[in-house]
Amino acid sequence: MYKGFEATIGLEVHAELKTETKVFCACSAAFGGEPNTQCCPVCMGMPGALPMLNEKAVEYAVRAGLAFVCRIAEVSWFDRKNYFYPDLPKGYQITQAQSPFCVGGEVQLRGLGYEKSVRLRQIHLEEDAGKLIHTAEGTLIDYNRCGVPLIEIVSEPDIRDANEAKAYLNELRRVLLFLGVSDCKMNEGSLRCDVNVSVRRPGEPHGERCEVKNLNSVSYVGKAVEYEIRRQVELILSGGTVAKETRRFNEDTGETETMRRKESAVDYRYFTEPNIPPVRLSAEYVESVKRQMPIMPDEARRNLTERFGVGEETAAQITQLPKIYRFFLRTAEITRYPLKAANLYVGEVLTVCGEEQDSYITAEHLAETADLFGNERITANVAKQLIRLSAETGESPCVIAEREGLFRIRDEATLLPLIKESIEASPKALQDYRKGKETAKKTFLGYVMRATGGRADAAYCELLLDKVLGEE
Ligand code: ADP
Ligand code: MG
Ligand code: ZN
């Protein structure tokens, strides 16, 4: 990216787990409740209140660890990370600093246009903090989020640029969604990301790194990485040195700015959480979690490419969310043309309505459109049109095509006059054609397409056109 420099990037991703209750108490972990209605003495940090570990949260952490082929620790425990901030009423966060549940592992980027995987350092379980709400009258605190289980997924610094960082995060998100352990809604904060960036000249030791905190969209991650690389390289080129610091991303300017320098780093005075006994995960337990693992996105992608001949790019789009993948499988079961259905689905459904696709067209109607198209009863243009019409009215594409007369036109009696008309209408194109410009034929074909509302069979028209032009 910058001549003579290379970048090193590591990500720390926090994912809120979709458990019903919080990680150390029985309060609801649901998002969006009335402020301060989902808390109790335990998550409010009252003296004497005792935490009880949520088994489901442990299972979800282990599931994530297995998906990324981590080693699952036989024994692990929790630590207190001490700091005072009003969103954390205990004065410390319970986390796993010394003995995470999951160690090592990797996120595979092969099959996504990259020839590499990114190694993981660990996945640990911890509790979320409350939420500060800044108003004109002062700061308010909502403790509902306090104690919601989080896993933190820490990568090794194996990422080299902004695109890789985005691909990594997208794949991480896909896996967690397929696992069903997190909603991964970056806009609601259930998936958050810190990026660490350093630059160096090839062959030299790693440069000092900066950490950009709390990015809440994949695109911001890309922008923050790009900005940091440029800032650090320019700083070095102008004779400066990069200082280790924590920065924040300004969404309005697309720039990162200093939050705190290394000198003001907090000492968290970690020590073992005495109120939660060490957790032992037997081989049988890990096996039982493994047996319940659902299909993973890479397997789903392989299924799409190998079974249906779907292209890599399209397969990645269809496996963006498990519900999108399931919708496609339902469609594929009832169409004779799954590949056509896949392309229509991505091109005409997902690009139009994204993750809300399930409230758009039904699987039956998408399959029907793919069949009409596959059987060459409608053109590609009409297929697009039918999907839109069927989504709007809820009617069957066959019924719409019949009523609106949208079936492909392949008969000479209709097309020949239109072709003659198109030649009369464009004397300039005819001249060009006679001078040997083959592309002039597009003008005539375009005319016929417009005149038939995109229903004319393009190959057949060309055949007729060649005949007419030959007779000229
Ligand atoms: P800390 O203990 O200060 O949190 P870690 O060594 O645990 O630091 O690393 C935190 C994150 O920073 C990890 O995701 C890691 O991959 C990343 N990281 C480590 N060294 C570098 C570096 N030189 N450049 C970029 N990222 C780095
Ligand atoms: Mg860290
Ligand atoms: Zn509680």
Side-chain angles (χ1 to χ4, degrees), residues 308-314 317 331 335-354 357 360-361 365-472:
F308 304 114
V310 171
E312 259 190 17
E313 185 70 20
T314 305
Q317 303 262 18
T331 311
T335 173
R336 285 183 48 220
Y337 298 93
L339 178 57
K340 290 223 160 29
N343 294 332
L344 285 171
Y345 185 34
V346 170
E348 308 309 319
V349 180
L350 294 184
T351 50
V352 178
C353 43
Q357 50 82 40
Y360 196 61
I361 193 170
H365 290 167
L366 178 62
E368 209 175 291
T369 312
D371 282 342
L372 289 174
F373 184 37
N375 289 329
E376 302 196 344
R377 295 199 57 207
I378 56 172
T379 62
N381 271 330
V382 169
K384 291 178 194 177
Q385 211 180 329
L386 275 183
I387 286 180
R388 196 168 34 77
L389 290 173
S390 171
E392 274 167 24
T393 62
E395 287 180 304
S396 131
C398 275
V399 170
I400 301 173
E402 194 72 60
R403 188 180 60 227
E404 310 284 331
L406 293 178
F407 289 116
R408 185 194 284 256
I409 305 173
R410 246 191 100 91
D411 72 295
E412 197 171 329
T414 316
L415 294 177
L416 200 55
L418 289 174
I419 285 171
K420 289 190 171 148
E421 224 177 281
S422 78
I423 295 172
E424 277 159 27
S426 346
K428 168 86 173 59
L430 185 61
Q431 249 176 27
D432 288 349
Y433 176 77
R434 290 209 177 109
K435 283 186 205 142
K437 255 175 97 181
E438 277 287 310
T439 49
K441 276 165 49 176
K442 283 216 173 70
T443 310
F444 307 129
L445 292 173
Y447 180 97
V448 179
M449 279 302 166
R450 276 194 303 281
T452 56
R455 288 177 302 136
D457 183 316
Y460 187 63
C461 279
E462 194 160 357
L463 215 75
L464 290 177
L465 179 64
D466 284 342
K467 217 167 87 185
V468 175
L469 288 174
E471 288 163 359
E472 282 273 325

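All residue numbers refer to positions in the sequence shown, counting from 1. Owing to the predicted nature of the structure, the values given are computational and were not obtained by experimental measurement.
Evaluation of the ring-ring contact (aromatic ring centres under 6.0 Å, His included) rule for Phe308 yields Phe328 as partners, not counting sequence neighbours. Listed by chain and residue number, nothing satisfies the ring-ring contact (aromatic ring centres under 6.0 Å, His included) test with Phe444 (two or more places apart in sequence, or in another chain). Residues meeting the side-chain contact (heavy atoms from CB on, under 4.5 Å) test with Arg450, sequence neighbours left out: Tyr447. Among residues two or more places apart in sequence or in another chain, the side-chain hydrogen bond (donor to acceptor under 3.5 Å, both in side chains) test is passed with Thr351 by none.
Judged by distance alone, the side chain of Ser396 and the main-chain N or O of Val399 form a donor-acceptor pair under 3.5 Å. Between the side chain of Arg455 and the main chain of Gly405, a donor-acceptor pair closer than 3.5 Å is present. Between the side chain of Thr414 and the main chain of Arg410, no donor-acceptor pair closer than 3.5 Å is present.
Scanning all heavy atoms of the two residues, the minimum distance from Thr314 to Ala342 falls at CG2-O, 4.0 Å. In terms of heavy atoms, Ala341 sits closest to Thr331 at CB-CG2, 4.1 Å. What you find for Cys461 and Val448 is that their closest heavy atoms are SG-CG1, 3.9 Å. Contact between Leu415 and Ala456 at its shortest, heavy atoms only, is CD2-CB, 3.9 Å. For Ala413 against Pro417, the heavy-atom pair with the smallest separation is O-CD, 3.2 Å. The nearest pair of heavy atoms linking Glu402 to Phe407 is OE1-CE1, 3.7 Å.
A donor atom on one side chain and an acceptor atom on the other are found under 3.5 Å apart for Tyr337 and Asn375.
Using a 4.0 Å cut-off between a side-chain N of Lys or Arg and a carboxylate O of Asp or Glu, Glu462 and Lys441 qualify as a salt bridge. In this structure, Arg408 pairs ionically with Asp457, as a charged nitrogen and a carboxylate oxygen lie closer than 4.0 Å.
Residue pairs meeting the salt bridge (Lys or Arg N to Asp or Glu O under 4.0 Å) criterion with at least one member in residues 412-422, sequence neighbours excluded: Glu412-Lys467.
Put simply, the side chain of Phe373 does not reach to within 4.5 Å of the side chain of Glu368, judged on heavy atoms. Ile423 has its side chain within reach of Leu469: a pair of non-hydrogen atoms, C-beta onward, lies under 4.5 Å apart.
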Please set out all donor-acceptor pairs under 3.5 angstrom arising from side-chain atoms of residues 378-387, sequence neighbours excluded.
residue, atom, partner, partner atom, Å
Thr379, OG1, Val382, N, 3.3
Thr379, OG1, Gly454, O, 2.7

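Glu395 CD: more than 12 foreign heavy atoms inside a 6.0 Å radius.
If you take CD1 on Ile409 and OG1 on Thr452, they are separated by 5.0 Å, rounding to the nearest 0.5 Å. Of the inter-residue distances, the one linking Thr369 atom OG1 with Tyr345 atom OH reads 13.5 Å to the nearest 0.5 angstrom. Distance CG/Leu464 to CG/Leu416: 6.0 Å, rounded to 0.5 Å. A distance of 9.5 Å separates CG of Leu389 from CD1 of Ile361, quoted to the nearest 0.5 Å. Of the inter-residue distances, the one linking Leu366 atom CG with Lys340 atom NZ reads 13.5 Å to the nearest 0.5 angstrom.
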- Message: The test is side-chain contact (heavy atoms from CB on, under 4.5 Å); show your working for Tyr433 and Glu438 and say whether it passes.
- Response: CA-CA 6 Å; Tyr433 176 77; Glu438 277 287 310; 3.9 Å; yes

